[in-house]
Amino acid sequence: VDAFAILPSFAFNTAASTFTGQNIGAKKLDRVKSGNRSLLVFGLIVSAVLVVAIILLRRPMLGLFTETPEVIEMGSRFLCIMAAGYVIIAVSAVLSGTIRGAGDTVAPMWISLITNVIIRIPFTYLIAYLTRSEAFPAGNPDTIYIGMLVAFAINSTATFLYYIKGKWKERAIV
């Protein structure tokens, strides 16, 4: 279910990359901005619709894979926590696709590496440590999901700031 929710963002990433590369190659930079805006709006709409569907139908969807109530409950909590993440991923996917399409592949790689390895893992361990209890001696299991959500938010924010700064335009391959 999680992979299904993320797939449209990957498609928007590829579309943004291809659209940007083609328009930069055609020396039509003005189209990159308007096309990017359209992709962002459409990506947000698709993600929002998927989030609503996933939240409303999460238990039946999870029931397709298992009948174990504990697994369905844990999966349900995961999907509820991650719901905002699917919208956040749509933003970073479109923007990083645009940046990559312009020929700047290094910045999105570093942003992803830093947020998913250097920030997410220690942050998740910290939250788990802080949420230890008698019921959860190793920390609340939901901290894994929260760590992912925080990493997605930081990734999207960093990608947005890099996009706004405009350095990727200087690196455009023409």
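Counting from 1, the numbers follow the sequence of the chain as shown.
- No continuous path of hydrophobic side-chain contacts links I45 to V87 [ILVMFWY only; heavy atoms under 4.5 Å].
- Between the S92 side chain and the I89 main chain, a donor and an acceptor come within less than 3.5 Å of each other.
- Residues T131 and F136 fail the side-chain proximity criterion, which asks for heavy atoms closer than 4.5 Å.
- The backbone N or O of Y129 sits less than 3.5 Å from a side-chain atom of R132, completing a donor-acceptor pair.
- Checked for salt-bridge contact, D142 and R77 meet the test: a charged N lies under 4.0 Å from a carboxylate O.
- Distance alone, capped at 3.5 Å, is enough to place a donor-acceptor pair between the T18 side chain and the T14 backbone.
- Residues L50 and P8 have side chains in contact (heavy-atom distance under 4.5 Å, counting atoms from C-beta outward).
- Rounded to the nearest 0.5 Å, atoms CD1 (I111) and OG (S156) are 10.0 Å apart.
- The CZ atom of R59 lies 4.5 Å from the CD atom of E73; values are rounded to the nearest 0.5 Å.
- Linking Ile, Leu, Val, Met, Phe, Trp and Tyr whenever their side-chain heavy atoms come within less than 4.5 Å puts I99 and I164 in one cluster.
- A side-chain donor from one of R58 and S76 sits under 3.5 Å from a side-chain acceptor of the other.
- A donor-acceptor contact shorter than 3.5 Å links the side chain of S38 to the backbone of S34.
- The heavy-atom pair separating A83 from I55 by the smallest distance is CB-CD1, 3.7 Å.
- With contacts defined as side-chain heavy-atom distances shorter than 4.5 Å, the pair T68/I72 does not qualify.
- Between Y162 and W168, the ring centre distance reaches or exceeds 6.0 Å.
- Side-chain contact, R120 with T124: no donor N or O sits under 3.5 Å from an acceptor N or O.
- Taking OH of Y86 as the reference point, atom CG of L149 lies at 10.0 Å (rounded to 0.5 Å).
- V41 and V52 fall into different hydrophobic clusters, defined by Ile, Leu, Val, Met, Phe, Trp and Tyr side-chain heavy atoms under 4.5 Å apart, directly or through other members.
- The heavy-atom pair separating T143 from A128 by the smallest distance is OG1-CB, 3.7 Å.
- Here T98 contributes atom OG1 and K169 contributes atom NZ; the two are 10.5 Å apart, rounded to the nearest 0.5 Å.
- For the pair F160/T157, no side-chain contact is recorded, criterion being any heavy-atom separation below 4.5 Å from C-beta on.
- Although no hydrogens or angles enter the test, the distance criterion places a donor-acceptor pair under 3.5 Å between the side chain of N116 and the main chain of S112.
- P122 and I119 get closest at one heavy-atom pair: CD-O, 3.4 Å.
- Nearest heavy atoms, A93 versus S9: CB-O, 3.3 Å.
- In this structure, F4 is a member of the same hydrophobic cluster as L64, with clusters built from ILVMFWY side-chain heavy atoms closer than 4.5 Å.
- Both L57 and F65 belong to a common hydrophobic cluster when Ile, Leu, Val, Met, Phe, Trp and Tyr are linked at side-chain heavy-atom distances under 4.5 angstrom.
- The two residues R100 and P108 come nearest to each other via the heavy atoms NH2-CB, 3.5 Å.
- Side chains of N36 and F19 form no contact here, defined as non-hydrogen atoms less than 4.5 Å apart.
- Using a 4.5 Å cut-off on side-chain heavy atoms (C-beta onward), F10 and L7 make contact.
- The structure places CG of L39 at 10.5 Å from CG of L44, a figure rounded to the nearest 0.5 Å.
- Side-chain atoms of M74 and E70, non-hydrogen and from C-beta on, never get closer than 4.5 Å to each other.
- The shortest distance between side-chain heavy atoms of F78 and I144 does not fall below 4.5 Å.
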*Would you please test N140 and I146 for side-chain contact (heavy atoms from CB on, under 4.5 Å) and show each step?*
CA-CA 10 Å; N140 188 324; I146 294 166; over 6 Å; no
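- Taking CG of D2 as the reference point, atom CE of M82 lies at 6.0 Å (rounded to 0.5 Å).
- Scanning all heavy atoms of the two residues, the minimum distance from I54 to A5 falls at CD1-CB, 3.3 Å.
- There is a side-chain donor-acceptor pair under 3.5 Å between T159 and N155.
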